[in-house]
Amino acid sequence: MEIFNVFPTPGFIIQPTLTDYIIIAINGAFLLSEKLDRDEFIGRSFTTLFSNLPDFPIVEWTGVFRKVESEKTTAKFAFQSPDQRNLVDVITKEITCTPVFGDEKAVQYILCTVTAVTGLAMDASGNQSIEDGIAVYKDQLEMGCIGAWDLDLVSNKVVWNSVQREIHEVDAFYQPTLTSIISFYKINKEKSMIAELVEDARNNGGRYDVEVSMISAKGNEKLVRAAGQVTYKDNRAIRIHGVTQIIKSYQKHTAVELSSSPLSISLMESAGIVVWEIDAQSTNLLYLSENVVALLGYSVAQWRDDSSFWKQRIHPADLDFVDKNYDLRLKKRKDFSIWFRIQTARGLYKRLKCIVSFVDEAGLPLKLRGLLIDTTEPNGVNEIGMLEKRILKLNGQEDVSIQDVLLAYLDEVEAIYPKMKCAIFQVKDSKLYKWAAPSLPTAYLIAIDGLPVNKSVGCSGAVAFLKQNIFIPDVETDPRCAKYRRQLVKAGIKASWSYPIMNANNEVLATLGVYFDEARLPNSEELLFLKRTTRFLKLIIENRMNIEMLKENNMLMQQCQDMAHFGIWSWNVVSNTLTWSDPLYKIFGLDQATYKTTFEDYLNLLHPDNREAISVVFGGVLSTKKEARFEEKIVRPNGEIRFLKSFAKVVMNEAGVVLKLIGASMDITESKNMQEELLKSESHFRNLAESQTNYVTRINFEGRFTYCNDQCIADFGWLYDNQVLLGRSVYKLLMPIQYQRFYDLAENCISEPNKVYNVEIEMPTPDGKFKVVLWHVVCLTDSNGLPLEMQSIGIDVTEQKLANEALSINNERYKYVTMASNDAIYDWDISKDDIHWGAGYRRLFKNKFPLNKWVSDIHPEDRMRVENSLRAVLADQEKHIWSINYQWKKGEGNYSIVEENSYILRDITGTAIRMIGGMREITNRTDN
């Protein structure tokens with residue numbers, strides 16, 4: 001198919017079916033000559049496509065196709081159509097339909113070539129249009145719904161692709177700036193973060209990759225992934241480019257690619273192509289197809305017997321060119337193409353294109369194999385047509401600058417039209433600059449270099465401003481030439497004509513200037529030539545610019561896919577071959593140079609427990625012809641497991657036959673792992689919450705439960721139908737008197753998220769009583785810090801509440817008992833070494849009592865005995881009662897005999913923690 005695409009003759013290939021004729025290939029020359037789009041035709045019915053077009057008489061065409069099929073012979077017919085390039089009104093074209101045979105000599109394909117037999121025709125170069133490449137790039141970006149952007153740090157200009165505009169929901173006329181881009185982000189924190197990241201990338205290089213929330217121009221909130229990377233030139237940051245991608249979903253965009261089927265050698269033979277093969281070392285002819293007899297009139301033996309036979313018949317003007325280029329390409333050992341004229345056996349010359357490829361073995365060229373294609377124009381060789389072909393070829397060489405291409409073109413134009421002096425001026429920043437001018441005086445070119453685009457200054461300057469042709473027949477009298485008249489007259493220029501060269505957006509790229517040494521206006525032939533030349537220059541300049549754009553876009557696409565961990569693929573179901581983008585090989589951990597994939601190879605890359613499921617998915621897509629989205633689990637060669645989110649879609653011909661599957665895959669391993677961790681965390685939280693005897697709830701801002709643990713349902717589910725709390729109002733748990741209290745609590749939580757509020761609420765029980773629950777309530781926030789819902793944990797404090805009330809009553813009783821008693825009652829917290837005495841102590845002993853003085857106030861005769869007794873009873877885990885008599889020093893300094901009786905409280909280990917008792921004066925009783 002690559003061979004067919006470089007045919008210089010416009011053509012297409014159809015495949016006969018039982019009921020129709022299907023277009024399977026169209027070459028670049030046909031698309032260019034007829035102004036057609038390849039994607040609108042491949043795989044579709046010929047008769048359906050052209051049934052309503054008067055330029056293509058369907059009845060005649062299908063009749064010729066049937067004749068080719070039945071008689072298995074070449075057939076021709078002619079028809080007329082308007083000239084798409086507006087060089088003449090009507091062109092008569094001849095269609096040659098040649099059968100291409102498959103197995104058993106059946107007609108498998110019909111090769112149709114189109115030649116113009118009247119009027120002027122600008123032949124295509126055989127190179128694929130650069131616009132096709134740009135279309136593929138745009139479609140690949142849109143396939144994964146990846147927004148791409150580019151910030152020129154020199155001009156601060158921002159460029160968005162269509163998906164970026166869709167994500168931000170702006171129209172095609174919206175012009176983004178760095179400030180306006182940042183304004184789309186939702187909160188000030190994220191706006192500042194993006195601005196800082198861009199500034200850091202600008203100053204320090206590197207890249208960034210973050211998830212942020214944004215608000216589109218239509219007010220829709222979106223969570224997006226924003227990634228960017230800086231590009232340097234001469235150690236200076238010149239641009240930042242990146243991608244924007246909506247998280248959790250993406251829209252699919254597909255590009256229908258050229259459908260291809262393997263064509264046998266009979267395709268080349270049917271097209272009149274000569275196939276040859278020589279030994280790389282000896283240059284001996286190894287093979288030459290019989291087509292050479294029909295093409296040039298020489299027998300195969302004549303070529304075989306003399307290795308220099310072909311060079312002896314090359315046109316003298318082309319021989320030096322062929323020798324230099326042929327030898328140079330042989331040394332470089334790179335496949336190449338070369339054009340030359342060669343003399344036929346009848347003495348005429350034909351122009352041939354020779355395509356040469358190397359067949360290597362062990363690093364050494366073993367054979368040279370090639371094709372000879374007749375590129376001779378019908379009705380004689382047109383010099384301009386030949387020139388255009390050479391220039392198109394030259395323009396396709398990456399190492400030749402556009403300035404050199406234009407200079408070569410004007411050199412030969414001036415050779416064909418000796419009276420013309422030509423110049424091409426580039427329009428840049430509203431000024432004219434010399435691009436190519438082989439014959440104009442240097443002084444004149446210097447004088448007008450940087451000429452402002454203005455309607456009243458010069459011929460070319462006015463043309464660039466007005467965007468229309470201008471003819472100045474006499475520069476000495478025209479006021480527009482006043483400023484540069486002296487230089488023009490000194491250069492011998494009397495007349496100046498100029499044409500604008502504009503792109504598809506109606507922008508002036510350059511101007512073509514034509515100068516004469518006599519005052520005159522153009523004749524009809526010159527007008528036709530100038531119109532053709534302007535169109536040709538537009539093609540040359542635009543294609544060169546688009547090549548540079550394509551290179552940059554391909555690089556950008558590659559980087560976008562790398563940053564997005566995203567790759568695209570295509571599966572030709574007929575040949576069972578898979579085509580992957582470079583990033584997809586990286587995702588699978590494979591070497592693109594060594595790994596070739598079939599569908600079976602791809603299945604082997606899947607995890608064993610995922611293989612059958614994915615086979616079912618693809619089988620479903622092929623059978624239902626509907627697109628599918630699915631997740632894949634792959635295993636890299638190093639054993640690493642990765643997860644991909646993918647989609648697949650079928651591409652069919654007009655008859656509904658599936659030709660291929662196309663799709664994309666995104667590496668979601670990191671997000672998948674995060675999701676699993678979150679699920680584990682949530683599961684752990686739920687298990688923890690369910691195991692709690694406390695109450696755990698979540699409530700939205702409408703006052704409805706979004707979560708309740710089992711304990712909450714067990715204790716309060718009786719208030720709701722079927723014990724279902726989720727989605728039900730929390731107010732049913734409350735008494736009306738508590739509504740306002742709960743509402744105020746919710747408002748406080750929302751106003752201060754993440755702050756815990758405490759509140760006690762009496763909750764009803766099935767027996768008609770109430771239980772007291774202490775609730776700890778907090779307002780949770782989302783990833784942007786905005787209030788999300790309220791979470792609360794409730795603790796049943798009913799028993800504690802009752803205990804506190806009982807303790808309060810007991811304390812009150814204790815207070816009154818100590819007031820009414822003459823005994824010195826005390827409560828000693830042993831763990832804190834803190835003692836509390838009742839009022840009777842002061843009445844009885846008339847002094848204050850710090851605990852540390854207790855031992856010192858015991859009579860020396862009794863002190864040792866009392867201390868030992870107390871230590872012994874406290875150490876004995878079985879003892880709870882202590883009773884003893886001793887002498888105690890009163891406030892007046894004299895001693896009284898006291899009786900002390902105490903009860904000891906111990907913890908579960910038996911350690912004494914508290915002692916409660918009383919001291920009673922028994923002096924008088926002892927005396928008696």
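This chain uses plain numbering: 1 for the first residue, then up along the sequence. Just so you know, these numbers use all the heavy atoms, side chains as well, and skip hydrogens, waters and symmetry mates.
The two residues His168 and Met214 make their nearest non-hydrogen contact at CD2-CE, 3.8 Å. The nearest pair of heavy atoms linking Leu394 to Arg544 is O-NH2, 4.3 Å. Across Tyr109 and Pro16, no two heavy atoms sit closer than the pair CA-CD, 4.1 Å. Among all heavy-atom pairs drawn from Glu627 and Arg629, the shortest one is OE2-NH2, 4.1 Å. When all heavy atoms are compared, the tightest approach of Glu542 to Asn503 is OE2-CB, 3.0 Å. The shortest heavy-atom contact between Gly567 and Ile587 is N-CD1, 4.1 Å.
Here Thr579 pairs with nothing under the side chain to side chain donor-acceptor pair (under 3.5 Å) rule; sequence neighbours left out. The ring-ring contact (aromatic ring centres under 6.0 Å, His included) search around Phe643 returns none, not counting sequence neighbours. When the side chain to side chain donor-acceptor pair (under 3.5 Å) test is applied to Thr577, the partners found at least two apart in sequence or on another chain are Ser575.
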*Between Leu644 and Phe630, is a side-chain contact (heavy atoms from CB on, under 4.5 Å) present by the stated rule, with each step listed?*
CA-CA 8 Å; Leu644 311 182; Phe630 52 95; over 6 Å; no
*Take Phe12 and Ile42 through the side-chain contact (heavy atoms from CB on, under 4.5 Å) test and state the conclusion after the steps.*
CA-CA 10 Å; Phe12 55 91; Ile42 299 301; over 6 Å; no
*Which is it for Leu584 and Leu590 under the side-chain contact (heavy atoms from CB on, under 4.5 Å) test, yes or no, and what are the steps along the way?*
CA-CA 9 Å; Leu584 197 56; Leu590 299 173; over 6 Å; no
*Quick one: do Arg165 and Val170 satisfy side-chain contact (heavy atoms from CB on, under 4.5 Å)? Show the steps, please.*
CA-CA 5 Å; Arg165 294 180 180 275; Val170 297; 3.9 Å; yes
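From Cys112, atom SG reaches atom CZ of Phe46 across 7.0 Å, with rounding to the nearest 0.5 Å. Considering OG of Ser570 and CG of Leu578, their distance stands at 8.0 Å, rounded to 0.5 Å. Rounded to the nearest 0.5 angstrom, Asn572 CG and Lys660 NZ are separated by 6.0 Å. Here the CD1 atom belonging to Ile181 is positioned 7.0 Å from the CG atom belonging to Leu151, to the nearest 0.5 angstrom.
A salt bridge is absent between Arg611 and Glu632; no separation between the charged side-chain nitrogens and carboxylate oxygens falls under 4.0 Å.
Side-chain N or O atoms of Asn395 include none that pairs as donor or acceptor with a backbone N or O of Leu392 at under 3.5 Å. The backbone N or O of Ser45 sits nowhere less than 3.5 Å from a side-chain atom of Asp20 that would complete a donor-acceptor pair. Between the Lys222 side chain and the Ile167 main chain, a donor and an acceptor come within less than 3.5 Å of each other. A donor-acceptor pair under 3.5 Å is formed between the side chain of Ser581 and the backbone N or O of Ile568. With Lys625 contributing its side chain and Met652 its backbone, the two residues share no donor-acceptor pair below 3.5 Å.
Checked against a 6.0 Å centroid threshold, the rings of Tyr602 and Trp569 do not count as neighbours.
Using the six-membered ring where Trp is involved, Trp571 and Phe618 have ring planes that are perpendicular, over 60° apart on the 30 and 60° scheme.
Applying the 6.0 Å contact sphere to CD of Glu277 captures more than 12 heavy atoms from other residues, nucleotides or ligands.
Neither side chain, Ser357 nor Arg369, offers a donor N or O lying under 3.5 Å from an acceptor on the other.
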